[in-house]
Amino acid sequence: MPHTMSRMGDVLAGYHAAWEFESDSVLIRYERGIRTPKLFQALGERRVPLEAISGVTLTRGKRGTVVLRVEPRPGADPLMEAAAGQLKDGGDPYRLVLPAEREVLAEYYAEELQGLLTESGPAERFLVEPPKGPLSFKAYDGKASFDGRTVNFRWFWTGASSAKWKAGDQSFSVGELNGVEWRSPEVFEGHLRLLRRDGAETAAAAAQADQDPAAVVFGLGYGPVHESLPFAAAVLAAVRTSSPVAAVSAAGPRRDPADIAERIRHLGELHQAGLVTDEEFSVKKAELLAEL
């Protein structure tokens, strides 16, 4: 006899989240309290199809709690693919922490859910919806934005390296990209690097992220996990569903004259500080003026 939940829409509430069990999915709603991890608040809610789940576990947690966790199949969730195992337990969106006195109830749901699972192994495509855009966040050396089609990096003169200033602001269509590389600022020096289809990332990957125009860097106070990871997941999902297209013009769309004037002023400050040579200043200034 097949397993079925006692009734459609059963809800199991824990700390920071509540799981609603449906016939074909688990709807996870995250709380917005001040104690709730910021990543959960940023995600809001997620519907996880049963075909995206390979297993269920129930373990003892800390300080009188139990932890119910569903194991997503590799390749099923762009958020977990982008995270690449770097999330700490407290920031794992697939864990539901409950008081120990609810262990029997949690065990019941674990067994019922396990009985509904039929898939295992890597998924051929993303099955969990990516974070919705448009998305943006402030890194240490620039602002990253994504509208669903194009990733833009706009450098901050106070944080960007001279290499990035020389390269200028960057724009990448998803069709140009092959993937993303996200490094958590909670683990080491954080960065988001865009990997390109044309192989240009081979040389760029050898450079530090702060020198790579296809990357933004972040740390404490800049581009934290709850901002940069959903961004990376959304880009990755768009890349996987896109087809290669011709590279966009390096000049990109024409910009506001006031913005160009501000960029030239910042470039002049770098020139006066000796960080940009006379020749580099002249070339870059000409490029900026050509965008008017």
Side-chain angles (χ1 to χ4, degrees), residues 9-22 24-62 65-99 102 106 109-110 113-114 116-117 119-120 122-123 125-133 135 137 146 180-187 190 192 218 223-238 240:
D10 276 6
V11 176
L12 183 61
Y15 298 116
H16 311 315
W19 291 8
E20 182 174 341
F21 300 94
E22 302 180 343
D24 61 351
S25 62
V26 178
L27 178 61
I28 303 176
R29 292 191 175 95
Y30 302 101
E31 294 179 354
R32 294 190 176 277
I34 59 174
R35 295 181 181 276
T36 302
K38 289 185 177 181
L39 176 60
F40 294 1
Q41 296 185 52
L43 294 175
E45 69 175 41
R46 312 192 80 208
R47 186 179 300 278
V48 184
L50 297 184
E51 62 178 328
I53 302 172
S54 62
V56 187
T57 60
L58 181 64
T59 59
R60 293 292 179 88
K62 299 178 180 178
T65 63
V66 292
V67 179
L68 180 64
R69 185 180 191 273
V70 294
E71 181 67 36
R73 295 169 59 195
D77 183 356
L79 188 84
M80 302 306 283
E81 291 298 300
Q86 298 173 75
L87 290 178
K88 298 178 180 178
D89 284 348
D92 183 350
Y94 286 97
R95 296 172 81 248
L96 181 66
V97 181
L98 304 122
R102 308 196 74 186
Y109 280 108
L113 184 57
Q114 184 66 54
L116 294 172
L117 303 181
E119 303 293 336
S120 62
R125 59 184 176 84
F126 288 139
L127 300 170
V128 182
E129 288 293 320
K132 299 191 180 301
L135 297 170
F137 72 93
F146 179 54
V180 300
E181 176 186 86
W182 180 79
R183 293 292 178 267
S184 172
E186 294 181 353
V187 176
L192 171 66
F218 37 79
V225 170
H226 75 280
E227 294 180 331
S228 59
L229 180 56
F231 186 101
V235 174
L236 180 59
R240 294 281 179 88

Under the side-chain contact (heavy atoms from CB on, under 4.5 Å) criterion, do L229 and W182 qualify, and how do the steps go?
CA-CA 7 Å; L229 180 56; W182 180 79; 3.8 Å; yes
Nearest 0.5 Å please: distance from the CG atom of L96 over to the CG atom of L58.
10.0 Å
Between A238 and F146, which heavy-atom pair has the shortest distance, and what is it?
CB-CZ, 3.7 Å
So L39 and P230, do their side chains get closer than 4.5 Å, heavy atoms only?
yes
Looking at R46 and V26, would you say the former's side chain and the latter's main chain have a donor-acceptor pair under 3.5 Å?
no
Quick check for you: to the nearest 0.5 Å, what is the distance between D24 atom CG and L116 atom CG?
10.0 Å
Looking only at heavy atoms, what is the nearest atom pair of L192 and A232, with distance?
CD1-CB, 3.7 Å
Under the side-chain contact (heavy atoms from CB on, under 4.5 Å) rule, what do R73 and E119 come out as? Steps first, then yes or no, please.
CA-CA 8 Å; R73 295 169 59 195; E119 303 293 336; 3.5 Å; yes
Tell me, do M80 and L87 make a side-chain contact under 4.5 Å, heavy atoms counted?
yes
Backbone N/O of Q86 and side chain of S184: donor-acceptor pair under 3.5 Å:
no
Test side-chain contact (heavy atoms from CB on, under 4.5 Å) on L27 and V48; report intermediate values, then the result.
CA-CA 6 Å; L27 178 61; V48 184; over 6 Å; no
T65 side chain to V97 backbone, donor-acceptor under 3.5 Å:
no
Has the side chain of S25 got a donor or acceptor atom that lies under 3.5 Å from a matching backbone atom of E22?
no
Just so I know, are the side chains of L79 and L43 near enough to count as touching, which here means a heavy-atom distance under 4.5 Å?
yes
Side-chain touch P93/I28, heavy atoms, less than 4.5 angstrom:
no
Between F218 and R183, which heavy-atom pair has the shortest distance, and what is it?
CE1-O, 3.5 Å
Taking all non-hydrogen atoms of both residues, which atom of L135 and which atom of A234 are closest, and how far apart?
CD1-CB, 3.5 Å
Can you find a pair of side-chain heavy atoms, one from V225 and one from E186, that are under 4.5 Å apart?
yes
Measure the spacing between CG of L98 and CH2 of W19 and express it to the nearest 0.5 Å.
8.5 Å
Say whether, by atom type as modelled, one donor and one acceptor occur between the side chain of R32 and the main chain of Q41 under 3.5 angstrom.
yes
Y30 and H16: side-chain contact (heavy atoms from CB on, under 4.5 Å), yes or no, with the steps?
CA-CA 6 Å; Y30 302 101; H16 311 315; over 6 Å; no
For Y109 and F21, take the angle between the two ring planes, folded into 0 to 90°, and tell me which bin it lands in: parallel under 30, tilted 30 to 60, perpendicular over 60.
parallel
For a 4.5 angstrom cut-off between non-hydrogen side-chain atoms, does Y15 reach P99?
yes
Exercise: identify the closest heavy-atom pair between A76 and P78
O-CD, 4.0 Å
Between CD1 of I53 and CZ of R69, what distance do you get to the nearest 0.5 Å?
10.5 Å
Please name the pair of heavy atoms, one in V67 and one in G61, separated by the smallest distance, quoted to 0.1 Å.
CG2-CA, 4.0 Å
Can you check whether V56's main-chain N or O pairs, donor with acceptor, with E71's side chain at less than 3.5 Å?
no
For residues F126 and D77, determine if any side-chain heavy atom of one lies less than 4.5 Å from a side-chain heavy atom of the other.
no
What I'd like to find out is whether the side chain of L68 reaches to under 4.5 Å of the side chain of T57, using heavy atoms alone.
no
Heavy-atom donor-acceptor pair, E81 side chain to G75 backbone, under 3.5 Å
yes
